[in-house]
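For the numbers below, each heavy atom of this structure counts, side chains included, while hydrogens, waters and symmetry mates do not. Predicted model, so just to flag it, every value in this text is computed and none were measured.
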Amino acid sequence: MEGKWIIPPIFDSARNFREGTACVSIDGLYGYLLEDGSYLIPPMYEYSESFWTGVAAVTVNGKVGFINKEGIFVIPPIFDRAANFFHREFTYVVLNGKSGWMNLDGSYLVEPIYDDSFHHVRWIEVMLDGKLGALYPSGEEIVPCRFDCIREVDGSLYLLAGGVWYVKKF
């Protein structure tokens, strides 16, 4: 039995198919293939991620935005960095060097005003001027950015400030 290439091996890189498309790169540009090997969107981006929840992060002119499967920007390319939505309704973004979280509709869950942030299962850790704080996933503040360390243990936040540990149940 002889094999036949459905998609010829001409790409510099290719990711697995997700949502019916595969992100591919050739000659330093990224685009998207359909499962029959035809282009959904020909390579034109500096970088791109796979589609998740109907959109994909792509880089143009050094900025990240999100396109739909027609190649139309649904969230403009204004971000320094951004992650894909990965089955969520929100994602991490960096704008002008500041971290925040954005909803799938392009509105901010958490305004990009923090030096850094990290999403835990039940809360978002944020850093501002070297101090840590915590937000609910809705963006509402649990504790302000004034702690040196934050740990979650058994549904409570343990907060260290000035050598003293505090406990905040949430």
Side-chain angles (χ1 to χ4, degrees), residues 4-141 145 150:
K4 178 182 171 192
W5 289 106
I6 295 172
I7 301 172
I10 61 170
F11 300 100
D12 300 326
S13 69
R15 295 200 185 94
N16 292 335
F17 280 92
R18 293 213 29 78
E19 298 188 12
T21 69
C23 180
V24 296
S25 72
I26 188 166
D27 298 328
L29 295 175
Y30 289 77
Y32 297 91
L33 288 183
L34 295 170
E35 292 176 349
D36 66 3
S38 65
Y39 282 112
L40 173 67
I41 301 170
M44 65 174 73
Y45 304 109
E46 295 165 19
Y47 185 76
S48 63
E49 294 285 346
S50 298
F51 278 93
W52 289 81
T53 61
V55 299
V58 298
T59 303
V60 293
N61 298 321
K63 296 293 183 177
V64 182
F66 293 85
I67 60 168
N68 63 19
K69 289 185 181 175
E70 288 76 42
I72 297 168
F73 277 98
V74 294
I75 298 171
I78 61 171
F79 300 99
D80 306 329
R81 290 190 326 253
N84 261 352
F85 284 89
F86 302 114
H87 296 299
R88 295 185 295 200
E89 296 294 318
F90 54 90
T91 193
Y92 174 82
V93 295
V94 176
L95 179 65
N96 301 321
K98 295 295 185 176
S99 168
W101 292 81
M102 185 179 60
N103 292 307
L104 191 55
D105 66 5
S107 65
Y108 289 113
L109 174 68
V110 175
E111 292 282 335
I113 60 170
Y114 296 98
D115 299 330
D116 202 1
S117 65
F118 180 80
H119 189 276
H120 296 267
V121 173
R122 297 179 46 211
W123 57 288
I124 298 171
E125 182 176 339
V126 292
M127 178 184 281
L128 191 58
D129 298 327
K131 296 295 182 178
L132 299 172
L135 309 174
Y136 288 106
S138 67
E140 178 188 351
E141 185 176 82
C145 292
I150 299 178

Legend entry - Donor-acceptor side-chain pairing of Tyr136 and Arg122 below 3.5 angstrom: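 No donor-acceptor contact under 3.5 Å links the two side chains.
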Inset, instruction - Would you tell me whether Ser117 and Trp101 have side-chain atoms, one donor and one acceptor, within less than 3.5 Å of each other? - result: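 Indeed, the side chains of Ser117 and Trp101 share at least one donor-acceptor pair under 3.5 Å.
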Measuring from [X]:[atom1] to [Y]:[atom2], what's the distance to the nearest 0.5 Å?
| X | Y | atom1 | atom2 | result |
| --- | --- | --- | --- | --- |
| Lys69 | Leu40 | NZ | CG | 7.5 Å |
| Cys23 | Arg18 | SG | CZ | 12.0 Å |
| Leu128 | Tyr114 | CG | OH | 7.0 Å |
| Tyr45 | Thr59 | OH | OG1 | 11.0 Å |
| Thr53 | Leu104 | OG1 | CG | 4.5 Å |
| Met44 | Leu29 | CE | CG | 9.5 Å |

Legend entry - Atom CG of Asn16 with >12 non-hydrogen neighbours under 6.0 angstrom: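 No.
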Inset, instruction - Please indicate whether Ile10 has more than 12 foreign heavy atoms, meaning atoms of other residues, nucleotides or ligands, lying under 6.0 Å from its CD1. - result: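 Yes, the 6.0 Å shell around CD1 holds more than 12 heavy atoms from other groups.
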Would the distance check show the side chain of [X] and the main-chain N or O of [Y] forming a donor-acceptor pair, the cut-off being under 3.5 Å?
| X | Y | result |
| --- | --- | --- |
| Asp115 | Asp129 | yes |
| Asn68 | Glu70 | yes |
| Asn84 | Ala57 | yes |
| Asp116 | Met127 | no |
| Asn61 | Lys63 | no |
| Asp12 | Asp27 | yes |
| Thr91 | Ala83 | yes |
| Glu125 | Leu132 | no |

Legend entry - Salt-bridge present (Glu111, Lys98; N to O < 4.0 Å):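 Looking at Lys98 together with Glu111, the answer is no, because their closest N to O distance does not fall below 4.0 Å.
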Where do [X] and [Y] come nearest, in terms of heavy atoms and distance?
| X | Y | answer |
| --- | --- | --- |
| Val93 | Ala82 | CG1-CB, 4.0 Å |
| Cys145 | Lys131 | O-CB, 3.5 Å |
| Ala56 | Glu49 | CB-O, 3.4 Å |
| Val58 | Ser48 | CG1-CB, 3.6 Å |
| Leu135 | Glu141 | CD2-CA, 3.6 Å |
| Asp80 | Val64 | O-CG2, 4.1 Å |

Inset, instruction - Decide yes or no on side chain to side chain contact (heavy atoms under 4.5 Å, CB included) for Ile124 and Val110, but give the supporting numbers first. - result: CA-CA 9 Å; Ile124 298 171; Val110 175; 4.0 Å; yes
Legend entry - Whether Phe118 and His120 hold their rings parallel, tilted or perpendicular, with breakpoints at 30° and 60°: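 Because their plane-to-plane angle is over 60°, the rings of Phe118 and His120 count as perpendicular.
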Inset, instruction - State which residues pass ring-ring contact (aromatic ring centres under 6.0 Å, His included) with Phe11; sequence neighbours excluded, sorted by chain then number. - result: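 Result, ring-ring contact (aromatic ring centres under 6.0 Å, His included) vs Phe11: none returned.
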Inset, instruction - Could you give me the CA-CA distance, side-chain angles and deciding distance for Ile67 and Ile41, then say whether side chain to side chain contact (heavy atoms under 4.5 Å, CB included) is met? - result: CA-CA 11 Å; Ile67 60 168; Ile41 301 170; 3.8 Å; yes
Legend entry - Pairs involving residues 12-40, ordered by first then second residue, that meet ring pair (Phe, Tyr, Trp, His ring centres under 6.0 Å) (sequence neighbours left out):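 The answer is Tyr30-Tyr47, Tyr32-Phe51.
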